[in-house]
Amino acid sequence: FLERTPEVLAELRDAASRADADGIRRAAHTIKGTSATLGARKLAEASAEIESLGRTGSVPDAVNRVEALEASYRAVASLLEAERIEAHQE
């Protein structure tokens with residue numbers, strides 16, 4: 001998750017900047033799945049919303065939605081990094 005998601009977020013950001021609804025849908029789907037597996041509900045829900053919009057062929061305000069998704073990812077990533085550090089110290 002920590003290694004792959006930044007790459008997928010970059011793909012999502014690129015797709016959003018090009019208004020590529022299918023690219024947005026695919027990247028959001030990937031993030032939705034991995035974040036749901038980790039229990040990052042807010043991130044999964046936001047990704048699902050973007051994925052759903054991508055299916056319609058139009059993602060209004062895509063760049064801002066992606067920026068919000070990236071902020072949610074950073075929050076989750078910080079928690080996971082803290083857990084990883086704590087686990088290595090034990």
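Owing to the predicted nature of the structure, the values given are computational and were not obtained by experimental measurement.
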- Item | Greater than 12 external heavy atoms within 6.0 Å of Arg41's CZ | no
- Search all heavy atoms of Lys32 against all heavy atoms of Ala44 and return the closest pair with its distance. CG-O, 3.7 Å
- Task: Compare every heavy atom of Ser58 with every heavy atom of Ala21, then report the nearest pair and how far apart it is.
- Result: CB-N, 4.1 Å
- Would a distance-only check, ignoring hydrogens and angles, find a side-chain to backbone donor-acceptor pair under 3.5 Å from Thr30 to Arg26? yes
- Would you please name every residue forming a side-chain contact (heavy atoms from CB on, under 4.5 Å) with Arg55, sequence neighbours left out? Arg25, Glu51, Ser52
- Task: Apply side-chain contact (heavy atoms from CB on, under 4.5 Å) to Glu7 and list each qualifying residue two or more places apart in sequence or on a separate chain.
- Result: Arg4
- Item | Value rounded to 0.5 Å, distance of CG in Asp20 from CD in Glu11 | 11.0 Å
- Query: Atom CD of Glu67 and atom CG of Asp61: how far apart are they, to the nearest 0.5 Å?
  - Reply: 9.0 Å
- Item | Transitive ILVMFWY cluster of Tyr73, excluding itself - 4.5 Å side-chain cut-off | Phe1, Leu2, Val8, Leu9, Leu12, Ile24, Ile31, Leu38, Leu43, Ile50, Leu53, Val59, Val66, Leu69, Val76, Leu80
- Message: Salt bridge or not between Arg65 and Glu49? Use side-chain N to carboxylate O under 4.0 Å.
- Response: yes
